[in-house]
Amino acid sequence: MYNFKEIEKKWQKYWDENKTFKVDIDENTKKFYMLVEFPYPSGSGLHVGHTRVYTASDVQARFKKSVGYNVLFPMGWDAFGSPAEQYAIKNHIHPSEVVQKNSKVFKEQMKMLGLSVDWSREFSTTDPEYYKLTQWQFLQFYKAGLAYKAEKEINWCPNCKTGLSNEDAEGGVCERCGTKTTKKLKNQWVLRMSDYAEKLIDGLPDTQFLDKVKTAQINWIGKSVGASIKFKLDGIDDDLEVFTTRCDTLYGATFMVISPEHNLLEKYKDKISNIDEIKKYQEEARCKTEIERTDNTREKTGVLIQGIKAINPINGKLLPIWVADYVLSTYGTGAIMAVPAHDERDYAFAKKFDIDIIPVIEGGDTSKEAYVGDGVHINSDILNGMNKEDAINRMLSYIEENDIGMKKTNYRLQDWIFSRQRFWGEPIPMIHCEKCGWVPVPEEDLPVVLPNVESYEPTETGESPLANIEEFVNCKCPKCGGKATRETDTMPNWAGSSWYWLRYMDPHNKNEIANEKALKYWGQVDLYDGGMEHATRHLLYARFWNIFLHEQGLVPYSEPFLKRIAHGMILASNGEKMSKSKGNVVNPNDMINEYGADALRTYEMFIGDYSKDASWSENGLKGCSKFLDRVWNLQDRISEKEEYTKEIEILINQTIKKVSEDIETLNYNTAVSALMILLNKMDELDSISKKDYRTLIHLLNPFAPHMTEEINQICSLGKELSMSKWPTYDESKIVNETYEMVVQVNGKIRGKIEVSRETSREEMLSIAKEIDNVKAYIDGKEIINEIVVPSKLVNIVIK
RNA sequence: GCAGGUGUGGCGAAAUUGGCAGACGCACUAGCCUUAGGAGCUAGCGCCGCAAGGCAUGGGGGUUCAAGUCCCUUCACCUGCACCA
């Protein structure tokens with residue numbers, strides 16, 4: 001047994017003092033940027049799920065360093081957000097104090113784990129020096145016309161009393177607290193992210209993201225190609241514009257539907273005779289939660305607008321206009337042409353309200369259901385006889401020629417609601433002057449620092465708590481010097497994480513994100529590890545942000561991340577999610593105290609496929625701890641020999657190859673198992689050479705860095721492993737001279753025999769036929785086929 | 001509904017991409033050692049069978065000398081997206 005407690009502490013101290021993992025730009029060495037999502041430093045400390053992810057990244061970083069890369073493996077804190085704020089509300093202390101305390105604990109735990117992080121690059125998104133630059137970048141968005149303030153119907157969490165972006169209210173549930181969200185009309189800062197929809201799709205082929213991550217992004221962006229068509233209003237000099245992907249069904253439109261939020265209602269309220277009824281419907285729609293509104297099993301509701309009709313531009317037919325909440329204000333133009341014969345939703349609505357259904361494509365039975373398939377167009381004048389594709393193209397040219405519409409691409413992706421009415425976020429650096437309007441805070445006045453306040457509670461009016469602090473709010477207009485007020489909204493949690501990987505490249509730079517040389521050298525993140533839950537949020541925001549910075553000439557690459565992987569979760573031993581409330585959380589500190597960091601690391605790499613969830617098993621951890629003990633105990637058996645021991649030379653070469661490839665392809669579990677196999681073989685020998693041992697511990701070093709350094713030192717096996725070049729294998733010593741030839745009769749194994757790899761096909765066959773058991777099967781039978789696979793097997797097919 | 005994924009011993013999993021299914025580990029069983037064992041060592045361990053052998057990778061079918069791997073079909077579970085016009 002080795003004393004892991006002392007040994008681990010010793011090496012952690014050594015790495016700290018010697019700055020073993022400090023990196024700098026080195027133009028002569030190829031770089032590797034290993035990034036793992038930085039944590040939110042919560043009060044509960046690390047969890048064995050975190051330690052799995054950090055260990056995997058660390059294995060990768062240590063390996064890449066050993067094979068000769070200049071590795072950037074940084075860590076920091078994503079510390080704005082709800083929990084620290086909640087804690088502050090309760091205990092009346094500034095959230096920054098909570099963050100400082102918690103991140104200290106996190107860092108200690110990471111050091112206990114033995115991560116090869118360059119701690120000189122550590123920062124928190126809540127550091128004023130950091131958020132100064134976040135604010136500065138917001139101003140760049142503003143100056144480029146990509147940040148605007150708008151009255152918008154937004155997702156609202158009644159519990160947190162704050163607005164939320166679409167991404168934060170996914171599924172109609174508040175991401176912070178789980179409360180069902182409602183809609184609220186609010187004046188918001190918004191980033192024009194939807195302008196980047198196409199770029200966000202176009203950039204994906206340049207990355208090596210996992211397919212499921214790419215697909216999730218593409219789905220979220222939701223590109224659809226169709227047409228916008230203008231319907232004239234009857235007796236009013238105005239149009240109602242709709243977006244449709246099926247302009248070929250225009251002849252089948254029998255009514256129009258607008259969303260309850262559509263501005264037509266306000267604009268022509270005087271012409272609408274049943275405006276009170278409609279107002280009531282609007283109110284109902286607003287009070288519904290997003291979940292209620294988008295439940296597609298719910299029966300359709302709606303109100304017919306009395307007094308306004310639209311005109312179908314293709315045939316001049318008058319169409320009634322309905323208000324219904326199945327049409328979303330946030331998609332397309334918030335209005336549709338309804339073709340009940342060929343759209344399920346329109347069909348359900350028409351059936352309920354007894355509206356005409358005119359089929360314009362042959363197929364299906366439109367008295368029973370909407371037919372959404374392809375087919376020959378009918379009742380469609382210029383389109384009659386055409387299929388869907390031809391009809392769409394014909395209609396597109398018709399509407400463009402006649403100026404009633406145009407080809408259009410629409411996206412589900414919305415602009416990014418960037419305002420939060422909470423205390424603990426970056427203040428949005430804008431000032432409102434009655435004379436000059438919105439004026440950006442001058443760069444030299446940044447950062448706009450979060451003040452100390454009595455109460456961090458959100459206000460009942462839906463304003464940020466900052467709004468109550470007069471000395472914060474009241475200021476002078478930077479433009480005219482007159483009386484002005486500061487914006488009191490803060491940025492969303494995702495702001496700080498939208499550029500943090502750039503900051504690691506040059507974290508102490510006071511004037512800019514990072515200097516050009518650093519940005520160029522470290523370039524793109526080579527491998528970015530994070531959870532699947534960020535595939536459509538953080539990852540989209542970060543890409544959007546980076547593409548923008550690139551367009552501004554501020555960063556050299558358009559795409560920030562080259563390769564994105566997603567890890568699985570660590571579940572409790574019964575397969576449930578670990579959670580405080582269930583009391584099944586495994587604390588890594590306890591495991592480290594009992595078995596050591598090396599054992600925990602090795603176990604978490606061995607537990608299973610890294611991309612999949614895995615159930616915790618303390619017995620499994622014990623097994624790995626035993627494995628490390630056995631590696632340690634080999635010390636008693638080393639000889640002074642300098643070369644590989646003959647019996648295991650091939651296996652050692654194979655293991656070098658296997659472990660190197662497995663780490664490269666993130667198959668950590670099989671890398672560990674290969675090392676176990678090698679150990680088992682060495683353990684059978686009476687003595688092993690120094691070279692045997694050194695190679696074993698070197699290959700094990702990324703997994704169990706402390707113990708292997710210690711062995712290396714006390715057995716004087718060579719240079720410090722963290723500073724040594726990774727072992728290489730000899731291609732000529734990968735295969736044995738002999739192999740076990742498998743002999744099958746009719747595909748069933750009937751014999752095995754050790755033969756030389758040189759054995760010819762003919763020899764293989766004749767050797768096979770001499771095996772007694774094989775003879776018993778083939779004697780007196782007619783052989784109809786003989787398959788020989790060199791270096792593998794012989795299969796004799798008999799009748 | 002659409003898109004993607006997964007399904008292999010009691011358990012976590014492997015399988016050179018069509019060539020010995022179950023490597024490695026856990027659990028379990030027997031034995032050794034020990035005053036003791038939540039230590040260590042040895043052996044066994046998919047299922048049926050005394051054995052020879054047979055059967056086995058969710059189910060069914062197919063291609064092939066040979067299928068966990070390829071094709072068709074079906075079931076189950078999981079993850080995205082979803083009244084997106």
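Note that the structure is predicted; figures quoted are calculated from it, not measured. Chain A is the first sequence line, chain B the second, and so forth, proteins listed ahead of strands; every chain is numbered from 1.
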>> Anti or syn, where syn is a glycosidic angle within 90° of 0; which label fits B:G12?
In response: anti
> For A:T51 and A:Y603, does a side-chain donor sit closer than 3.5 Å to a side-chain acceptor?
Replying inline: no
> Does B:A76 pair with anything, Watson-Crick or G-U wobble, both distances under 3.5 Å, and if so, with which nucleotide?
Replying inline: B:U6
> The side chain of A:K792 lies closest to which of these nucleotides: B:G38, B:U16, B:A85?
Replying inline: B:U16
> Are A:E37 and A:H538 linked by a side-chain donor-acceptor pair shorter than 3.5 Å?
Replying inline: no
> When rounded to the nearest Å, what value does the distance between P atoms of B:C24 and B:C70 take?
Replying inline: 26 Å
>> Measuring from the side chain of A:T215 (C-beta onward, heavy atoms only), which nucleotide among B:C20, B:G53, B:A3 has the closest atom?
In response: B:A3
> Whole-Å distance between B:A14 P and A:L666 CG?
Replying inline: 13 Å
>> Say we look at B:C47 and B:U57: how far apart would their C1' atoms be, to the nearest angstrom?
In response: 13 Å
>> Using the C1' atom as the point on both nucleotides, what is the distance between B:A51 and B:A67, in whole Å?
In response: 30 Å
> When the P atoms of B:G61 and B:G10 are considered, how many whole Å apart are they?
Replying inline: 23 Å
> In whole angstroms, how far is the C1' atom of B:A15 from the CG atom of A:D609?
Replying inline: 14 Å
> Which whole-number value in Å describes the distance from A:Y411 OH to B:A85 P?
Replying inline: 13 Å
> If you measure only the distance, is there a donor-acceptor pair under 3.5 Å linking the side chains of A:D415 and A:Y196?
Replying inline: no
> So, A:Q744 side chain and A:L793 main chain: donor-acceptor pair closer than 3.5 Å or not?
Replying inline: no
> At under 4.0 Å between heavy atoms, what does A:V789 touch on the DNA or RNA strands: base, sugar-phosphate, or nothing?
Replying inline: base
> So, do A:T536 and A:V213 sit near enough that their side-chain heavy atoms are less than 4.5 Å apart?
Replying inline: no
> Between atom CD in A:E344 and atom P in B:C2, what is the gap in whole Å?
Replying inline: 10 Å
>> Return a single string for nucleotides 22-32 of chain B, one symbol per nucleotide in 5' to 3' order, where B is base contact, S is sugar-phosphate-only contact and - is none, cutoff 4.0 angstrom on heavy atoms.
In response: -BBSSS-----
>> Nearest to the side chain of A:V742, heavy atoms from C-beta on, is which of B:C20, B:G38, B:G53?
In response: B:C20
>> Which nucleotide, if any, forms a Watson-Crick or G-U wobble pair with B:G1, using both distances under 3.5 Å?
In response: B:C81
>> Which is it for B:U17, anti or syn, if anything within 90° of zero counts as syn?
In response: syn
> In whole Å, what separates the P atom of B:U69 from that of B:G18?
Replying inline: 11 Å
> A:N219 side chain: which of B:C83, B:C65, B:G80 is closest?
Replying inline: B:G80
> Without hydrogens or angle criteria, can the side chains of A:Q217 and A:R543 be said to hold a donor-acceptor pair below 3.5 Å?
Replying inline: yes
> Can you tell me how far P of B:U16 sits from CG of A:L793, to the nearest Å?
Replying inline: 15 Å
> Closest nucleotide of RNA chain B for A:E618 versus for A:N773: which of these residues is on the 5' side?
Replying inline: A:E618
>> Looking at A:F703, I'd like to know if the NZ or CZ of A:R601 sits under 6.0 Å from its six-membered ring centre while staying within 45 degrees of the ring's axis.
In response: no
> What about A:N795: does its side chain form a donor-acceptor pair under 3.5 Å with the base of B:C65?
Replying inline: yes
> Could you state the CD1-P distance from A:I787 to B:G19, rounded to the nearest angstrom?
Replying inline: 15 Å
> If you measure from the P atom in B:C48 to the same atom in B:G38, how many Å do you get, rounded?
Replying inline: 30 Å
>> For B:A43, give the paired nucleotide (Watson-Crick: N1-N3 plus N6-O4 or O6-N4; G-U: N1-O2 and O6-N3; both under 3.5 Å), or none.
In response: B:U29
> When rounded to the nearest Å, what value does the distance between C1' atoms of B:C32 and B:G37 take?
Replying inline: 15 Å
> Rounded to whole angstrom units, what separation is found between the CZ atom of A:F627 and the C1' atom of B:A39?
Replying inline: 19 Å
> Taking the same atom, C1', in B:G68 and in B:C83, what whole-Å distance lies between them?
Replying inline: 42 Å
> Can a cation-pi geometry be assigned to A:K300 and A:Y326, taking NZ or CZ under 6.0 Å from the six-membered ring centre and within 45° of the ring axis?
Replying inline: yes
> Hey, which of these two, A:K658 or A:I336, hits RNA chain B nearer its 5' end, going by closest nucleotide?
Replying inline: A:K658
> Quick one, which residues of residues 743-751 of chain A touch RNA chain B with a heavy atom under 4.0 Å?
Replying inline: A:Q744, A:K748, A:I749, A:R750
> Does the side chain of A:N680 pick up a donor-acceptor pair with the side chain of A:R630 at under 3.5 Å?
Replying inline: yes
> What nucleic acid atoms does A:K752 come within less than 4.0 Å of, heavy atoms only: base, sugar-phosphate, or nothing?
Replying inline: base
>> I'd like to know if the side chain of A:T333 pairs up with that of A:E241 as donor and acceptor (distance under 3.5 Å, no hydrogens or angles considered).
In response: no
> Do the ring centers of A:Y668 and A:F606 come within less than 6.0 Å of each other?
Replying inline: no
> Can you name the residues that form a salt bridge (charged side-chain N to carboxylate O under 4.0 Å, His left out) with A:E618, not counting sequence neighbours?
Replying inline: none
> Taking any strand in view, what nucleotide pairs with B:C50 in a Watson-Crick or G-U wobble way, both distances under 3.5 Å?
Replying inline: none
> Under 4.0 angstrom, heavy atoms only, what part of the nucleic acid is A:Y777 near: base, sugar-phosphate, or nothing?
Replying inline: sugar-phosphate
>> Classify A:E786 by what it touches in the nucleic acid, base, sugar-phosphate, or nothing, heavy-atom distance under 4.0 Å.
In response: nothing
>> Whole angstroms only, please: what is the CD-P distance between A:E576 and B:C78?
In response: 14 Å
